[in-house]
Amino acid sequence: MLILLAFIIVFHITSAALLFISTIDNAWWVGDNFSADVWRMCATNASTCTAITDQFREYQSIQAVQATMILSTIFCCVAFLVFILQLFRLKQGERFVLTSIIQLLSCLCVMIAASIYTDRHEELHKSNQYPTDISEGQYGYSFVLAWVAFIFTLISGVMYLVLRKRK
């Protein structure tokens with residue numbers, strides 16, 4: 001039972017780490033001489049970064065991605081705290097339903113963020129307000145990590161729903 005508990009805690013912390021990295025790091029869209037994320041675009045050869053502000057086309061889409069990624073990270077951290085609290089408060093045999101609901105909300109938010117970015121990436125990268133042309137790029141590792149975090153949060157959300165407290 002202790003091994004299972006350790007696995008669940010490590011799995012949840014891994015999910016949170018993936019969410020933090022994919023939200024913060026500058027690699028959602030990468031090319032030979034630039035990298036872009038939901039916060040800024042950086043030219044690698046000139047070492048300059050341009051913040052994505054409301055002057056950019058499709059700024060509302062980027063704001064939706066930003067908000068849902070932040071919410072996903074917050075929900076994942078709150079779910080971990082609720083799990084720790086429920087670990088000591090639940091009676092034997094009860095399920096971790098509240099933890100599961102919060103973790104599944106985190107899963108939903110990261111799915112929404114990655115889906116919006118997937119759907120709107122062409123319009124997001126055709127703006128001529130960027131200092132360099134970023135339309136010829138590809139998805140970066142932060143974008144992939146967001147989808148991996150979706151899978152991890154989905155698995156852990158279902159795992160918490162099935163899990164019962166034992167001695």
Subject >> Short side-chain donor-acceptor distance under 3.5 Å, Q103 and T153 >> reply: no

**OP:** Report the C-alpha distance between L154 and L104 in whole Å, list the side-chain angles of each, state the deciding distance to 0.1 Å, and finish with yes or no for side-chain contact (heavy atoms from CB on, under 4.5 Å).
**Re:** CA-CA 6 Å; L154 178 65; L104 289 172; 4.1 Å; yes

Subject >> Nearest heavy-atom neighbours spanning Y59 and T53 >> reply: CD1-O, 3.0 Å

Original post:
Just by distance, do the side chain of S72 and the backbone of T68 share a donor-acceptor pair under 3.5 Å?
Top reply: no

**OP:** Anything under 30° is parallel, anything over 60° is perpendicular, the rest tilted; go ahead and classify Y160 against H12.
**Re:** tilted

Subject >> Side chain proximity check, F75 to L108, heavy atoms < 4.5 angstrom >> reply: no

Subject >> F34, Y117, Y139 screened by ring-ring contact (aromatic ring centres under 6.0 Å, His included) with W28, the one that passes >> reply: Y117

Original post:
For the side-chain contact (heavy atoms from CB on, under 4.5 Å) test, which of V30, D37, N26 pairs with C42?
Top reply: N26

**OP:** Any chance you could lay out the side chain to side chain donor-acceptor pair (under 3.5 Å) test for S142 and S22, step after step, and finish with the verdict?
**Re:** CA-CA 4 Å; S142 292; S22 64; over 6 Å; no

Original post:
Any side-chain heavy atom of F152 sitting closer than 4.5 Å to one from S106?
Top reply: no

Subject >> Approximate separation, where rounding is to 0.5 Å, of I52 CD1 and I62 CD1 >> reply: 4.5 Å

**OP:** Report the residue from V97, V82, L81 that forms a side-chain contact (heavy atoms from CB on, under 4.5 Å) with I102.
**Re:** V82

**OP:** Of all the heavy-atom pairs spanning A114 and F143, show the shortest one and how long it is.
**Re:** O-CE1, 3.8 Å

**OP:** Start with the C-alpha distance between R95 and L163, add both sets of side-chain angles, then the distance that settles side-chain contact (heavy atoms from CB on, under 4.5 Å), and finish with yes or no.
**Re:** CA-CA 6 Å; R95 296 187 188 273; L163 187 67; over 6 Å; no

Subject >> Sub-4.5 Å side-chain heavy-atom contact between T99 and L85 >> reply: no

**OP:** Measure across T23 and W39 and return the closest heavy-atom pair with its distance rounded to 0.1 Å.
**Re:** O-NE1, 2.8 Å

**OP:** Considering non-hydrogen atoms only, spot the tightest contact between Q86 and L98 and give its length.
**Re:** NE2-CB, 3.4 Å

**OP:** Check whether any side-chain N or O of T73 sits under 3.5 Å from a backbone N or O of M69 as a donor-acceptor pair, and report yes or no.
**Re:** yes

**OP:** Indicate the atoms forming the closest heavy-atom contact of I116 with S61, along with that distance.
**Re:** CG2-O, 3.9 Å

Subject >> Residue D32 excluded, over 12 heavy atoms near CG under 6.0 Å >> reply: no

